[in-house]
Participant: 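This is the structure I want to talk about, given as structure tokens.
Just so it is clear, the model here is predicted, and its values are computed rather than measured.
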Amino acid sequence: MLELVLADMPAAEFIAGWISGALGLVVGHPVDTVKVRLQTQSRYRGILDCVIQTYRNETIFGFFKGMSFPVGSVAISNSLAFGSYSNALLYLSDQEIKNWKNPPHNCHVFMAGCFSGIVQLSFSAPVDLVKVRLQNQTESFGNQARPGHLQARYQGPVHCAVCIFREEGIFGLYRGCLALALRDIPSMGLYFLTYEVLCKWMTKSLDEPSAWTMLFAGGCAGTVGWAFANPMDVIKARLQMDGMHGVQYLGMLDCIRKSIRQEGVKVFLKGLTINSLRAFPVNAVTFLSYEMLLKAFR
């Protein structure tokens with residue numbers, strides 16, 4: 001049923017989402033690597049220490065680990081998110097194209113955003129798993145790991161996906177999927193709601209938001225969305241790393257309980273600062289490029 005609904009949707013929103021997602025990834029991937037390592041490895045004393053160690057041990061290329069795979073995959077995921085959101089919003093608002101002079105109700109925006117989180121989940125879960133595992137490889141494949149470092153197991157994204165499938169089956173590719181769903185579905189609703197509300201608030205009635213408004217609203221939307229999503233992002237990342245070097249958690253609740261017991265409630269704030277620093281520029285670029293592309297296509 002979902003495939004039939006998506007097949008009937010106009011393609012412009014998906015194409016614009018694809019391109020804007022690729023642009024956003026180029027801006028944010030190095031910071032995302034630092035964020036993932038802070039959330040899953042306890043040997044770093046903070047953001048600066050992680051940045052210094054990554055550069056010292058792996059040079060500048062260490063920040064771009066796992067990027068070759070996400071460039072296309074994140075673009076697809078972003079295409080699914082923005083395309084399904086826009087089309088769902090048009091359906092709920094009973095409109096054919098986005099009309100700034102007749103803005104949608106906030107409840108419709110939130111519902112469409114949550115729907116986009118559901119749509120992208122089946123594709124983004126395996127991709128995100130591979131990305132997280134590659135980003136946590138601090139050593140080159142085939143080299144002996146130094147003390148305190150994880151032994152590299154994967155040659156690249158395809159080898160990583162094949163190894164996971166061979167060792168853990170199809171369900172292994174969806175490790176941490178429940179935590180990912182609890183992260184993405186509500187946070188995507190909040191993400192798009194923040195953007196639409198700020199655009200309306202910063203723009204005179206019946207006018208179209210300026211480029212600066214879209215940049216600011218998009219950046220704020222990303223920051224608010226990630227601030228809300230960060231606790232489940234930590235759990236999701238830990239569950240995805242689990243199984244790479246032995247199984248530590250029995251499930252999401254067990255991961256939450258053990259994480260709190262070992263590191264306290266503050267564990268849910270790990271990566272929040274770096275997430276916020278990354279979210280603003282990445283989503284500012286993403287929303288502006290999406291809106292400009294959508295306008296150009298029409």
Side-chain angles (χ1 to χ4, degrees), residues 32-45 50 65-66 69-70 73 77 114 117-139 141 145 147-155 157-190 225-272 274-275:
D32 185 64
T33 298
V34 176
K35 182 265 295 185
V36 167
R37 291 186 176 186
L38 286 172
Q39 290 179 333
T40 57
Q41 300 182 38
S42 58
R43 61 193 183 86
Y44 301 113
R45 295 190 297 272
C50 182
K65 281 195 171 180
F69 190 47
S73 56
S77 180
C114 291
I118 296 172
V119 170
Q120 72 165 357
L121 192 61
S122 61
F123 176 81
S124 64
V127 171
D128 194 65
L129 173 66
V130 171
K131 176 184 74 71
V132 166
R133 292 203 175 180
L134 289 176
Q135 285 176 320
N136 271 291
Q137 287 195 159
T138 57
E139 303 289 334
F141 182 79
H149 291 249
L150 294 173
Q151 180 67 45
R153 294 189 58 198
Y154 309 118
Q155 298 178 24
V158 175
H159 181 240
C160 179
V162 170
C163 287
I164 294 171
F165 180 77
R166 183 188 302 135
E167 296 168 6
E168 306 175 52
I170 188 65
F171 294 108
L173 291 170
Y174 286 87
R175 183 181 288 274
C177 187
L178 178 58
L180 183 63
L182 292 176
R183 184 198 76 172
D184 281 359
I185 295 173
S187 65
M188 288 297 284
L190 189 61
W226 272 109
F228 177 83
N230 201 81
M232 289 312 301
D233 190 49
V234 174
I235 300 304
K236 182 268 308 177
R238 293 186 172 201
L239 287 170
Q240 288 175 328
M241 282 299 295
D242 201 34
M244 184 175 176
H245 294 279
V247 177
Q248 182 180 357
Y249 306 115
L250 300 176
M252 186 181 70
L253 293 178
D254 185 53
C255 180
I256 293 173
R257 186 175 63 253
K258 287 181 178 177
S259 296
I260 293 176
R261 184 191 303 154
Q262 294 168 5
E263 302 173 62
V265 180
K266 65 180 181 181
V267 68
F268 297 117
L269 301 179
K270 278 199 167 187
L272 178 59
I274 196 75
N275 249 342

Participant: Under the side-chain contact (heavy atoms from CB on, under 4.5 Å) rule, what do Val267 and Arg238 come out as? Steps first, then yes or no, please.
Facilitator: CA-CA 11 Å; Val267 68; Arg238 293 186 172 201; 3.5 Å; yes

Participant: Working to the nearest 0.5 angstrom, can you tell me the gap between Leu239 CG and Arg175 CZ?
Facilitator: 8.0 Å

Participant: For Leu134 versus Cys160, what's the shortest heavy-atom pair and its separation?
Facilitator: CD2-CB, 4.3 Å

Participant: Do side-chain atoms of Asn230 reach the backbone of Lys270 as a donor and acceptor pair under 3.5 angstrom?
Facilitator: yes

Participant: Compare every heavy atom of Cys177 with every heavy atom of Ala125, then report the nearest pair and how far apart it is.
Facilitator: CB-SG, 4.1 Å

Participant: At what distance, to the nearest 0.5 angstrom, does CG of Asp233 lie from CG of Leu272?
Facilitator: 10.0 Å

Participant: Can you tell me how far apart CE (Met232) and CD1 (Ile185) are? Round to the nearest 0.5 Å.
Facilitator: 11.0 Å

Participant: List the atom of Tyr154, the atom of Cys163, and the distance in Å for their closest heavy-atom pair.
Facilitator: CE2-CB, 3.8 Å

Participant: How many angstroms lie between CG in Leu129 and OG in Ser124, if you round to the nearest 0.5 Å?
Facilitator: 11.0 Å

Participant: So, for Leu178 and Met252, which heavy atoms are closest and what is the spacing to 0.1 Å?
Facilitator: CD2-CE, 3.9 Å

Participant: Could you check whether any side-chain heavy atom of Phe268 comes within less than 4.5 Å of a side-chain heavy atom of Glu263, counting everything from C-beta outward?
Facilitator: no

Participant: Within this structure, what is the CD1-CG distance for the pair Ile235 and Leu180, rounded to the nearest 0.5 Å?
Facilitator: 13.0 Å

Participant: Grab the two heavy atoms, one from Ala181 and one from Leu121, that are nearest each other, plus how far apart they are.
Facilitator: CB-CD2, 3.5 Å

Participant: Rounded at 0.5 Å granularity, tell me how far CG in Asp128 sits from CZ in Arg133.
Facilitator: 11.5 Å

Participant: Specify the closest pair of heavy atoms between Asp242 and Tyr249, including all atoms of both residues, with the distance to one decimal.
Facilitator: OD2-N, 2.9 Å

